[in-house]
Student: 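Structure provided below as structure tokens; questions to follow.
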Protein chains: 2
Amino acid sequence: MKPDFQPLLKSLSLKTTPKRIALLEILDDEKVYLSPEAIWKKMQKLFRSIGLPTVYRILDELHEGNIISRVLHPDRKLYYYLCRNEEHHHHFICVSCNKVEDLHFCAEKEIETLVVKGMKGKVLSHILQINGLCSRCLTEQVPAHG
Amino acid sequence: MKPDFQPLLKSLSLKTTPKRIALLEILDDEKVYLSPEAIWKKMQKLFRSIGLPTVYRILDELHEGNIISRVLHPDRKLYYYLCRNEEHHHHFICVSCNKVEDLHFCAEKEIETLVVKGMKGKVLSHILQINGLCSRCLTEQVPAHG
DNA sequence: CGTTAAATAGAAACTGTTTCTATTTGCGAA
DNA sequence: TTCGCAAATAGAAACAGTTTCTATTTAACG
Ligand SMILES: [Zn+2]
Ligand SMILES: [Zn+2]
Ligand SMILES: [Zn+2]
Ligand SMILES: [Zn+2]
């Protein structure tokens, strides 16, 4: 079931354009993280003219609005993933097939305590990401794809 | 007390060159993470000719050999930090003054269990980093530096 | 519809990073 | 100590992902 992205965009004060909707649907269809260029190529099948900067801009806006999450890849390029899971969690990413799986774990409480009480500092954000191989890649030895 | 970096380099099968030693000493002097360019500028004070690619290459080799750690900055540029703490831990980084503090916390056991038992996957690496403001920046409102 | 600010295309610029090639240098062997 | 050679480096150039710019198009609202 395809969610209605219109109210989501409205809540961010972004206009409901066909390209924003298409990009969200593309991400929503995927269980893997995608690069801006991969998204662009999918967009090109839907629109006769679509610029790569537009893809970057939309991804930026949606990431800024906490709608989509960035994947920190060892190759240091940008990747994006749309997760519908509302509660706070983190991700296990497969570096071979790019699959993303929810990791229902976070130690923010413990860390907050360490930082506040131990360092007298303030936590602004935290990164927790597990890189590895998913069960399929582990058993089938599927070669990596871009 | 300046550590002897020679055996460290030897263990990585890297030749002991003045530039590698200097770079290690520069990092060892700092409690903040540095950008390749910042390191390059410090190197330029020590060598009349020193290329930025050399800095990148050395940083790469040392990072590859687990001698130095990369900082995942929100700005997506590369930063490096030399931590002498031998046991496994993570870092709290101050996004204002670039200071790095050891965070003696890691949930790798719990996460490993979740991934192996829950997902039938394999963990290759994990990222845990806390971004925030250190006590000094919190109280003194020190403006950010590059 | 008509108006207006937001969104976009396409080209061009940007910038951190990597590659390339000739030259230099560390270091084990003689 | 000197030699020989693979490793390391400088400097220039290339690269690639990302961002900026400007004219044009479009969504939203009355
Ligand atoms: Zn996989
Ligand atoms: Zn998720
Ligand atoms: Zn968390
Ligand atoms: Zn440390």
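All of these numbers come straight from a predicted model, not from anything done at the bench. Chain naming here is simple, since letters A, B, ... match the order of the sequence lines and numbering starts at 1 in each.
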Student: Between C/dG10 atom C1' and A/Leu52 atom CG, what is the distance in whole Å?
Tutor: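 Answer to the nearest Å: 11 Å.
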Student: Nearest 0.5 Å please: distance from the CD1 atom of A/Ile130 over to the CG atom of A/Leu128.
Tutor: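 Reported to 0.5 Å precision, the distance equals 5.0 Å.
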Student: Identify, between B/Arg76 and B/Leu14, the residue whose nearest nucleotide on DNA chain C lies closer to the 5' end.
Tutor: B/Arg76
Student: Compare the minimum distances between each of D/dA12, C/dG28, C/dA9 and the side chain of B/Pro53, then state the nucleotide with the smallest one.
Tutor: D/dA12
Student: Just the rounded figure in Å: distance from P of D/dT18 to OH of A/Tyr79.
Tutor: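 Spelled out: OH on A/Tyr79 to P on D/dT18 is 9 Å.
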Student: Please give, in whole Å, the distance from C/dT25 C1' to B/Leu9 CG?
Tutor: 15 Å
Student: Rest of the hydrophobic cluster containing B/Val116 (Ile/Leu/Val/Met/Phe/Trp/Tyr, side-chain heavy atoms under 4.5 Å)?
Tutor: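 Answer for B/Val116: none, a lone residue.
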Student: With no hydrogens and no angle check, just 3.5 Å: does a side-chain donor-acceptor pair link B/Tyr80 and B/Arg70?
Tutor: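 Yes, B/Arg70 and B/Tyr80 have a side-chain donor paired with an acceptor closer than 3.5 Å.
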Student: Provide, to the nearest angstrom, the distance between the NZ atom belonging to B/Lys77 and the C1' atom belonging to C/dT18.
Tutor: 17 Å
Student: Would you kindly give the CD1-to-C1' distance between A/Ile39 and D/dT18, to the nearest whole Å?
Tutor: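 Going from CD1 in A/Ile39 over to C1' in D/dT18 covers 14 Å.
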Student: Does a side-chain N or O from A/Arg57 land closer than 4.0 Å to OP1 or OP2 of D/dT19, or not?
Tutor: no
Student: Assuming nearest nucleotide by heavy-atom distance, tell me which of B/Pro36 and B/Thr17 is located more 5' along DNA chain C.
Tutor: B/Pro36
Student: So, OP1 or OP2 of C/dT17: does either fall under 4.0 Å of a side-chain N or O from B/Tyr56?
Tutor: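 Affirmative; the distance criterion is met.
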Student: OP1 or OP2 of C/dG26 versus the side-chain N and O atoms of B/Thr16: is any pair under 4.0 Å?
Tutor: no
Student: What's the separation between atom CD1 in B/Ile68 and atom CG in B/Leu59, rounded to the nearest 0.5 Å?
Tutor: 4.5 Å
Student: Are the charged groups of A/Asp29 and A/Lys2 less than 4.0 angstrom apart, N to O?
Tutor: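 Salt bridge: no.
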Student: Salt bridge check: are B/Glu101 and B/Lys31 linked by an N-O gap of less than 4.0 Å?
Tutor: no
Student: Send over the distance from A/Lys19 NZ to D/dT26 P, rounded to a whole Å.
Tutor: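 In whole Å, D/dT26 P and A/Lys19 NZ are 8 Å from each other.
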Student: Which nucleotide in the set D/dT18, C/dT17, C/dA9 lies at the smallest distance from any side-chain heavy atom of A/Thr54?
Tutor: C/dA9
Student: Could you tell me how far apart B/Ile21 (CD1) and D/dA8 (C1') are, to the nearest whole angstrom?
Tutor: 14 Å
Student: To the nearest 10°, give me the bend of the helix from C/dC1-D/dG30 to C/dA30-D/dT1, comparing the axes of its five terminal pairs at either end.
Tutor: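 Here the local axes at opposite ends form an angle of 40°.
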Student: Give B/Lys15 one of three labels, base, sugar-phosphate or nothing, depending on what nucleic acid heavy atoms sit under 4.0 Å from its own.
Tutor: base
Student: So, B/Lys42 and B/Glu30, do they make that salt bridge, N to O below 4.0 Å?
Tutor: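 Looking at B/Glu30 together with B/Lys42, the answer is yes, because their closest N to O distance falls below 4.0 Å.
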Student: Taking atom C1' of C/dC27 as reference, at what distance in whole Å does atom NZ of B/Lys10 sit?
Tutor: 8 Å
Student: Tell me which nucleotide among C/dA7, D/dT18, C/dG28 gets nearest to the side chain of A/Arg20.
Tutor: C/dA7
